[in-house]
Amino acid sequence: MARVVVDVMLKPEILDPQGQAVQRALPRLGFEGIADVRQGKRFELEVEGPVDEAALARIHEMAETFLANTVIEDFTVRVDS
Amino acid sequence: MARVVVDVMLKPEILDPQGQAVQRALPRLGFEGIADVRQGKRFELEVEGPVDEAALARIHEMAETFLANTVIEDFTVRVDS
Amino acid sequence: MSLDTVKHADETPDVEQPWAELGLKQDEYERIRTILGRRPTGAELAMYSVMWSEHCSYKSSKVHLRQFGEKAPENDALLVGIGENAGVVDVGQGYAVTFKVESHNHPSYIEPYQGAATGVGGIVRDILAMGARPVAVMDPLRFGAADHPDTKRVLPGVVAGIGGYGNCLGLPNIGGEVVFDSCYQGNPLVNALCVGVMKHEDIHLAKASGAGNKVILYGARTGGDGIGGVSVLASETFDAAGDSASGTGKPTKRPAVQVGDPFQEKLLIECTLEIFREDLVDGIQDLGGAGLSCATSELASAGSGGMRVELDRVPLRDATLSPEEILMSESQERMCAIVEPGKVDRFLEICEKWDVIATVIGEVTDGERLEIFWHGEQIVDVPPRTVAHEGPVYERPYARPEWQDALQADDANKLARPGTAEELRAQVLKVISSPNQASKSWITDQYDRFVQGNTVLSQPEDSGMVRIDEDTNLGVAVATDGNGRYAKLDPYTGAQLALAESYRNVAATGARPLAISNCLNFGSPEDPAVMWQFAEATRGLADGCLALGTPVTGGNVSLYNQTGETAIHPTPVVAVLGVIDDVDRRTPMAFADEGHLLYLLGDTKEELGGSAWSQVIHDHLGGLPPAVDLDREKLLAEILIAASRDGMIDAAHDLSDGGLIQALVESCLRGGKGARIVVPDALDPFVLLFSESAGRAVVAVPRSEELRFTDMCGARGLPATRIGVVDGEELDIQGEFTIPLTELRAAHEATIPSLLV
Amino acid sequence: MTARVGVVTFPGTLDDRDTQRAVRIADLEAVPLWHRDKDLKQVDAVVLPGGFSYGDYLRAGAISRFSPVMESVIEQAKGGMPVLGICNGFQVLTETHLLPGAMLRNNHLHFICRDQKLRVENADTAWTADYEAGQEISVPLKNIDGRYVADERVLDELEAEGRVAFRYLDGNPNGSLRDIAGITNAAGNVVGLMPHPEHAVEPGIGTGRTDGLGFFTSILKKLVNAS
Ligand SMILES: Nc1ncnc2c1ncn2[C@@H]1O[C@H](COP(=O)(O)OP(=O)(O)O)[C@@H](O)[C@H]1O
Ligand SMILES: [Mg+2]
């Protein structure tokens, strides 16, 4: 079975309160030098059958209509190697 | 500025209801052939300065002590190319 | 594009400007040119366009809303009336309460979670800006058909957004409404209400006075979100959502959706309350629709003198934003305060304590202009009143629609009724399990109703109630109601029915109704039929408030709730605030004690127009809504309040949609006790159970109090009919049918979860 | 002399004022503690109240755990000072590893607010001595990240040592393993639970029950007897 990963991140212009909270905490924990943090979602899909172009197209559609909310999020689809 | 990505996923033995909810919804939306879905977090860190071994080691520590709770989660750190 | 300064605008009168894309009409644009004596700069155009949008200027509704002031009843309790962020009411013991209901309809359709979440955030900041600690929220909601696939997208998102934001702020959600109707399919209504409490001396107003006082922007950084949100999302149809014009005509695509950060808002609340405690602000305004454009122009307009703002000092999340975009951004969780110079340091210190970013962005001047600079160059020079308070006002044409007569002639009282007891029983089960009448606990269990430790009553009780003083037990109660079906049949009566129901709900819990807020959700004001509905509803509401002696303290108008030519049902939502001297005296709705006698208060007539029964059994909407008798409502309320104060009743439940049967089912299930009902001779069982006559309530009276209670009703002239007793494990309508509580519960509680999984 | 109970406020804490009220109702002195201060103001016990500290961003309790006040709380707790974590406070205690396991999103993925029946399994801790072992109580539950998880070894150990302090009755509301609603450390001074006893201390308010008052009277007796 092959694994396909869909990463979903808030669009860059959209406020990311979670990422901000993490970033602001870092210096207090002694971690300097991180200019920005964005937090998103990672989906690992176990795909039955071959991950051919058709399958990827379907997953792309799934990401677009369901996994991501494209009003505020971008996504990428890739086969895990 | 370089980007380092930290992926945090629930350990395989821990129930992931979010992933399950996604998986259960897929057939209803007309997407067949996905045997399993796991949902985790993806952090994108913008690192000031060079991402050398020392920097990666620090980020690894940050992930281990902070970004992930290793009681329930596994993580990976990688430089985004 | 280079910076469009005032000087540049002066020199280049003929530059083409994108006023139409920004939603301005030709004559409005000309008026701006006349006011300024030149063409506006890009920044000025941005400000005028958002502030003159329907959402901010109330240009279509203003002429009708005036009645709320003109017909306002004499009422000593009103401390701050319409025109401020929210009205303020005296509730005694030195306390003042502020409350307001507002809409976030269109954004919640586009992005249900964030739309609803930021709706809560916005109304909470309005309450905070008055000087009050927010103490509770409520959420009147309306969705499309329960079984429509899009409802499965919208409803869970809206509910999660309201819960996600409100729960994280620590505000108990004490009530609201959930209504399904296909008329809301493309236009769900997400209204949010917040209540806040303060001492009289803590009331704050949105005005900038005192030359030399500093203008401080504090809270979240300003980002590119929600730009054009006001004009595009809230005022016009939103086919183009997501790529609204950005003020400069630049091709950038800024998202019109705003993302909320409840954690930031919680800090903003605590920080602001600490600032109030130390008396550090002169004037304060929240940033909501139209962002800084609104806050600066409203503060300057309401105060004395002018204001000078250095816009480049605004802390940004995105360094590429243009000054126009900064002025229009609707980034959430921001406030603007006017602070005397000597208090600025302490103000900033408190902000630092709460990790809240605060920046002095300008000062009050002794001039008369609002002047805004960008890196030293002037980009705005306007009389603030012309932006904030003297926008266009339209007398839109209105006309009673042609179909209204036919609709009213289609009498619901003539619909086929159940022929047998068996059929009546089946219809009862069908009605109480229909989506509108079913239990909403699947939704309300996602809201924290206990936080703050002051919740006395919360959903599904008739009104929410919170204690506001631990030592004296003083409390306030709030209910919200609206019935679009009634209002469609007759908008004047429909608005009064919403008022009457909300008023009755407050009284049913033992609180004395004091004041109202409202949210008027309608279709396009450019349609004369919609405008007629609006005119009728506001007239009905204003007349009703005068009759009941409860002034309108504020509210909100949401227009353009329509898809193509089809408008939603006119949906005025009315919130009534009441006060109770001792919350221990509150009356709950649960039938909890066997043997208590059930009395039906008020008159039951054959009134089925717009009823739940006509909708569920016949999918019918026609005829006239129930008649309103506001004197009767007042009398009923007095009886309910007196009975609560003097301990004569143990439970009360108001009768509204679904009629008596609905009230009985809810009160039985809430208390886990059954009831035996004897149909009075004068009444047909079907009419008794399903009629929706207004001005009624059912109460449970301990036997020891029966005489005292009936004497009181008799003396005051309120019909009180003994209809049964709390008893057993089933609802027994004698001579008709019985239904075990377990069966009732299953029917009532299974519907909503099954629709949404 | 009465005992002093510290109540910590983190940014985003919600139930601090309610917890202070509950402490006062039990005739204890409530001492507000601020997350940035290491100083515990000589309190005799500490409550970490409920809420969404730091918005529950990252993970519930994950950011607060690193605050200055927690350095002192951890140190004192290890020295035997009674510490109670309610809801978000429980989440903080697991993140600090003062208590084992972790808290995850409810299995149904929704926030849930309800009156929750519990069984007090361990009435020997500093915070439960006023209850009887096996006693059933009802207190409000309200959270979205309330699913207690730990690995089998830890769970077996907790059971064997009697460290499961509270169990859900009448239906598991969130998928917590072995119906665990709250646990204690081996010494019995550190206790965490998801439901909210501080919201069940006054008749007529909230659910109207006072089943939660025992937490605060327990600690009162313990502290007063000790002094
Ligand atoms: N339906 C209404 N009834 C009474 N007052 C209203 C109504 N709609 C708006 N108002 C009042 O008009 C003023 C402006 O409203 P709004 O622009 O929504 O305020 P804000 O921007 O502070 O939310 C407020 O005082 C509000 O209470
Ligand atoms: Mg306002």
Side-chain angles (χ1 to χ4, degrees), chain B residues 1 3-29 31 34-48 55-80, chain D residues 53-67 70-71 74 88 90-112 143-158 172-180 183 185 192:
Chain B
M1 203 136 29
R3 171 175 297 172
V4 175
V5 174
V6 179
D7 287 322
V8 176
M9 300 297 292
L10 283 172
K11 294 189 176 184
E13 65 271 21
I14 303 254
L15 175 69
D16 171 17
Q18 284 175 305
Q20 284 190 348
V22 170
Q23 197 210 339
R24 271 198 309 263
L26 291 177
R28 265 189 283 130
L29 303 174
F31 299 108
I34 306 293
D36 191 25
V37 179
R38 307 277 295 170
Q39 178 175 338
K41 297 176 198 159
R42 172 186 166 95
F43 298 91
E44 295 182 355
L45 315 177
E46 302 298 329
V47 184
E48 288 163 356
L56 278 177
R58 270 189 322 127
I59 292 173
H60 198 276
E61 193 198 329
M62 181 195 304
E64 179 147 22
T65 54
F66 183 54
L67 297 179
N69 176 349
T70 52
V71 173
I72 44 172
E73 294 167 327
D74 294 327
F75 66 90
T76 59
V77 175
R78 69 199 151 74
V79 184
D80 203 25
Chain D
S53 60
Y54 291 97
D56 274 3
Y57 298 147
L58 185 58
R59 289 180 310 279
I63 300 181
S64 338
R65 160 217 162 163
F66 290 100
S67 58
M70 283 309 296
E71 283 179 41
I74 292 170
N88 198 231
F90 184 20
Q91 292 157 340
V92 173
L93 290 175
T94 59
E95 285 282 338
T96 60
H97 307 302
L98 280 172
L99 293 175
M103 224 61 72
L104 283 169
R105 185 59 39 112
N106 294 339
N107 58 353
H108 46 77
L109 302 177
H110 298 297
F111 188 95
I112 181 166
N143 61 59
I144 191 165
D145 291 313
R147 176 167 53 111
Y148 181 77
V149 298
D151 62 35
E152 287 295 311
R153 191 184 50 77
V154 170
L155 292 171
D156 289 342
E157 202 175 288
L158 287 174
N172 184 326
N174 50 27
S176 288
L177 295 178
R178 306 203 189 172
D179 297 336
I180 290 174
I183 56 176
N185 67 349

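Proteins get letters first, then strands, A, B, ... in listed order; numbering begins at 1 in each.
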Whatever's closer than 4.5 Å to a heavy atom in chain D on Leu15(B) counts as both
Using modelled atom types and a 3.5 Å cut-off, is there a donor and acceptor pairing between side-chain atoms of Arg105(D) and backbone atoms of Asp16(B)? no
When the 4.5 angstrom heavy-atom criterion is applied to Leu67(B) and chain D, the contacting part is both
When every non-hydrogen atom of Asn69(B) is compared with those of His97(D), the smallest separation belongs to OD1-CE1, 4.5 Å
Validation row: Thr94(D), Val71(B) side chains within 4.5 angstrom (heavy atoms): no
Closest heavy-atom pair, Pro17(B) versus Asn107(D), reported as atoms and distance to 0.1 Å, is CB-O, 3.3 Å
Applying a strict 4.5 Å limit to non-hydrogen atoms, the region of Lys41(B) in contact with chain D is side chain
Bottom line for Phe66(B): the part with an atom under 4.5 Å from chain D's heavy atoms is both
When the 4.5 angstrom heavy-atom criterion is applied to Leu177(D) and chain B, the contacting part is neither
To the nearest 0.5 Å, atom CD of Gln18(B) lies from atom CG of Asn106(D) at 10.5 Å
Bottom line for Leu109(D): the part with an atom under 4.5 Å from chain B's heavy atoms is side chain
Honestly, the part of Asp151(D) sitting under 4.5 Å from a heavy atom of chain B is neither
Heavy-atom closest pair (Thr65(B) atom, Phe66(D) atom, distance to 0.1 Å) is O-CZ, 3.6 Å
